[in-house]
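The sequence lines fix the lettering, A, B, ..., with proteins before strands; numbering per chain opens at 1. These numbers come from a predicted model, not from an experiment.
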Amino acid sequence: MPYLTNSKDIQDLMASYAQSQILWIDTEVADHQTRKPKVSLIQVLDDPTDLTGEQVSILDVLDHPELIDYFVDKIIVNPAVEKVFHNASYDLKLLGKAKAQNVTCTLELAKKIPYYLLQVRNLQLKTLAEELCYFPPVDKTEQTSDWGVRPLTASQLHYAKMDAIYVAHVHQQLLKLNRRSEPDPASEDLTALSDRYQQIAYQWKLLDTEMTHLQERLKKAMQAQNVSETEVFELSSYQRTSKKVQFDQLAKLAQAKGIELDFPVALTQKLQKELGVMIEQLQVEEDVTTNWRLSVKDQNDEELPF
DNA sequence: AAGGAGGTGATAGTAGAGAG
DNA sequence: CTCTCTACTATCACCTCCTT
């Protein structure tokens, strides 16, 4: 695990990483709770088979904005290098943000996979490492430690290095699941899909209706009994404020005060009816969309699998 | 603390179908 | 044709998650 603090070494390594096809990256940020957060470490891995962190480079860029700029320039905006992060938008906020090219986010990837294929408690990197990749329990206490002090502790460096390992392994596993969850629609087996649907439809209906019913009863019961929480549930309410004004009044005000108010108003069927032929005097924008609906055909009872 | 993506739940509007 | 029912989509305000 090279931990680099020398600017020249760091820059050389960044230059060589710019030749890679894919890199797994994580960052640690100091002063994240202030208005001026700064990148403390950039951890880079180019070998996804690494389990121990031997291949992870920890680049110490604290108070070296020129190194961060160099990294952004050579790697982040470089479309030839695929960059993999967990919750990429967080890291990229401090790493070139808008200009970033060819970025993969393992959190986004995980969100696209339905729960039945990815059965984990939540989508934190820690959880995915433990429950998807079977890493031993991950201690996140260093996550919120002070990344602005030097020297860093051995425990901090270990945490920093392992995060890059987790990103790489989680990424590999998610790609496998992704291939299963997004097959080519053109070659799907319609018979197999229909069979599976019928197989679970009855169970689903039983569970779905009971779940909805339980939720309704719990909500009503907790309200009626003035209970705000049980061991399992929490019942909360919130105020919802929405404001409305008569269109006529708004139009008159805009005209009287010369306010620039230009936005499309939906011409609902009701409005179209009221306007009648006068609608022809308006420049109506028409938007036609095609919506697809899947419905279950009526079937003979004997054919049902239950 | 901050911000972006997406979920939630209420409300409103729509198409399609059946009845008269 | 109109009326009504049902099942959907769209929109809105608010909430939750994820990272350090």
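- Aromatic ring pairs are classed by plane angle as parallel below 30°, tilted from 30° to 60° and perpendicular above 60°; the pair A:Trp147 and A:Tyr159 is tilted.
- In summary, A:Asp63 and A:Lys38 engage in a salt bridge, as defined by a charged side-chain N under 4.0 Å from a carboxylate O.
- Not counting sequence neighbours, the partners of A:Asp60 by the side chain to side chain donor-acceptor pair (under 3.5 Å) test are A:Tyr3, A:Arg150.
- For the pair A:Tyr90 OH and B:dG6 P, the interatomic distance rounds to 20 Å; values are reported in whole Å.
- Salt bridge present: A:Glu130 and A:Lys126 bring a charged side-chain N and a carboxylate O closer than 4.0 Å.
- Formation of a donor-acceptor pair under 3.5 Å by the A:Gln156 side chain with backbone atoms of A:Thr153 is found in this model.
- Atom CD in A:Glu28 sits 11.0 Å away from atom CD1 in A:Ile42 (nearest 0.5 Å).
- In plain terms, the two heavy atoms of A:Val77 and A:Gln101 that are nearest each other are O-CG, 3.3 Å.
- Contacts between residues 29-36 of chain A and DNA chain B, counted as heavy-atom distances below 4.0 Å, involve A:His32, A:Gln33.
- Put simply, the side chain of A:Lys83 gets close to the backbone of A:Ile75: a donor and an acceptor are under 3.5 Å apart.
- Across the protein-nucleic acid pair, A:Leu41 atom CG and C:dT19 atom C1' stand 15 Å apart, rounded to whole Å.
- As rounded to whole Å, 5 Å separates atom C1' of B:dG3 from atom NZ of A:Lys93.
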Close N/O contacts between protein and nucleotides 16-18 of chain C (under 3.5 Å):
from, atom 1, to, atom 2, distance (Å)
C:dC18, OP1, A:Leu123, N, 2.7
C:dC18, O2, A:Asn87, ND2, 3.2

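- Between the CG atom of A:Asp91 and the C1' atom of B:dG4 there is a distance of 14 Å, given to the nearest Å.
- The residue A:Thr27 sits close only to the backbone: its heavy atoms come under 4.0 Å of sugar-phosphate atoms, none of a base.
- Remark: C1' of B:dA5 and NZ of A:Lys112 are 13 Å apart, rounded to the nearest angstrom.
- Using a 4.0 Å heavy-atom distance criterion, A:Asp146 is classed as making no nucleic acid contact.
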